[in-house]
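One structure below.
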There are 2 protein chains.
Amino acid sequence: MELVKTAQKLEALGNPTRLGIFKLLVQAGKKGLPVGDIQKSLGVPASTLSHHIAKLVNTGLVVQRRESRTLFCVADYVVMQDLIGYLVDKCCVKDSCC
Amino acid sequence: MELVKTAQKLEALGNPTRLGIFKLLVQAGKKGLPVGDIQKSLGVPASTLSHHIAKLVNTGLVVQRRESRTLFCVADYVVMQDLIGYLVDKCCVKDSCC
DNA sequence: AATATGATTCCATAATACTGGAAATATGGT
DNA sequence: ACCATATTTCCAGTATTATGGAATCATATT
């Protein structure tokens with residue numbers, strides 16, 4: 001994964017609201033959570049929430065699946081693992097940090 | 001590590017220039033790199049670079065050590081490991097991502 | 001003291017992000 | 001067709017971030 005895209009993912013997670021969203025989604029597991037449930041959990045206005053979710057989706061960290069009127073958001077573990085992998089690689093290249 | 005501070009660290013790394021700086025520092029190992037060397041590597045104006053480094057220092061991801069006129073920047077592996085730990089914990093709580 | 005080097009702070013500008021109400025879209029039920 | 005629900009897009013306004021030249025600070029050398 002290249003530097004710019006990695007930075008974009010980190011930036012997406014680098015906001016308390018979005019990190020909170022992502023945390024909820026990770027805890028929710030593979031079936032994810034409806035946007036409305038996230039809204040109830042976090043108490044963020046629908047419009048604001050939608051913007052944040054869109055940012056997470058744009059980076060690939062979250063994917064969406066529609067089930068009738070309800071839109072489920074799911075954390076993409078593979079993308080997340082890639083991101084962590086990048087950080088670990090960079091962090092463990094030379095010295096005894098791991 | 002709490003959510004807000006985690007988000008701050010992610011935000012600090014979530015910028016291509018700063019991620020580039022951090023990457024250099026990680027690769028440089030325990031003795032770190034002088035600010036001037038980073039500047040030569042990245043070709044960023046001194047002032048701009050200083051702002052970015054300050055942001056990394058503020059979050060604790062980078063620490064500085066003065067050696068005469070030269071200021072060395074060093075990546076803090078423990079803080080980085082904490083950050084990765086937070087992400088891994090959140091990512092591996094329930095489902096089979098690891 | 002004067003000068004040079006390494007780096008930061010001051011300051012202003014431009015760019016980007018965050019926020020949220022109101023209107024629009026998507027889907028399903030009656 | 002009409003209404004209700006779930007969510008997004010439009011459209012601002014406000015706030016924060018990024019950028020970099022010029023001035024300043026910190027340290028060393030002569």
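Chain letters run A, B, ... following the sequence lines, proteins first and then strands; every chain starts at 1.
- If you take CG of A/Leu56 and P of D/dT8, they are 12 Å apart, rounded to a whole angstrom.
- Residues A/Thr59 and A/Gln8 share a closest heavy-atom pair of CG2-O, 3.7 Å.
- Residue B/Leu71 contributes atom CG, which lies 10 Å from atom P of D/dT27 at whole-angstrom precision.
- Here the side chains of B/Asp76 and B/Val62 are not in contact, with every heavy-atom distance at 4.5 Å or above.
- Nucleotide D/dT9 holds its C1' atom 16 Å from the NZ atom of A/Lys55, rounded to whole Å.
- Within the nucleic acid shown, B/Thr70 comes within 4.0 Å of sugar-phosphate atoms alone, with no base atom in reach, counting heavy atoms only.
- Remark: A/Leu10 CG to A/Lys5 NZ distance equals 14.5 Å, nearest 0.5 Å.
- Contact annotation for B/Glu67: no contact, since no heavy-atom pair falls under 4.0 Å across all strands.
- A straight line from CD1 of B/Ile53 to C1' of D/dG20 spans 15 Å, rounded to a whole angstrom.
- In this structure, B/His52 reaches the sugar-phosphate backbone alone: every heavy-atom distance under 4.0 Å involves primed, P, OP1 or OP2 atoms, never a base.
- Distance A/Leu49 CG to C/dG20 P: 11 Å, rounded to the nearest Å.
- Close to C/dT8, at under 4.0 Å from its OP1 or OP2, lies a side-chain N or O of B/Gln64.
- Rounding to the nearest 0.5 Å gives a distance of 6.5 Å between OG1 of B/Thr6 and CG of A/Leu19.
- Residue B/Val35 is the one, among B/Val35 and A/Ser47, whose nearest nucleotide of DNA chain C lies closer to the 5' end (criterion: closest heavy atom).
- Phosphate proximity of C/dC18 to A/Asn15: present, with a side-chain N or O under 4.0 Å from OP1 or OP2.
- Side-chain contact check for B/Leu42 versus B/Ile21: some heavy-atom pair is nearer than 4.5 Å.
- Residue B/Arg69 contributes atom CZ, which lies 15 Å from atom P of D/dA26 at whole-angstrom precision.
- Counting only heavy atoms from C-beta on, B/Ala46 has its side chain closest to C/dT8 among C/dT27, D/dG20, C/dT8.
- Of the candidates C/dG20, D/dT19, D/dT8, the closest approach to any side-chain atom of A/Ser50 belongs to D/dT8.
- Between the C1' atom of D/dT16 and the CZ atom of B/Arg18 lies a distance of 12 Å, rounded to the nearest Å.
- Summarising the geometry, the separation between CG on A/Leu42 and P on D/dT7 is reported as 13 Å, rounded to the nearest angstrom.
- Closest to the side chain of A/His51, out of D/dC11, C/dC11, D/dA18, is D/dC11.
- Within 4.0 Å of A/Ser68, counting heavy atoms only, lie sugar-phosphate atoms of the nucleic acid but no base atom.
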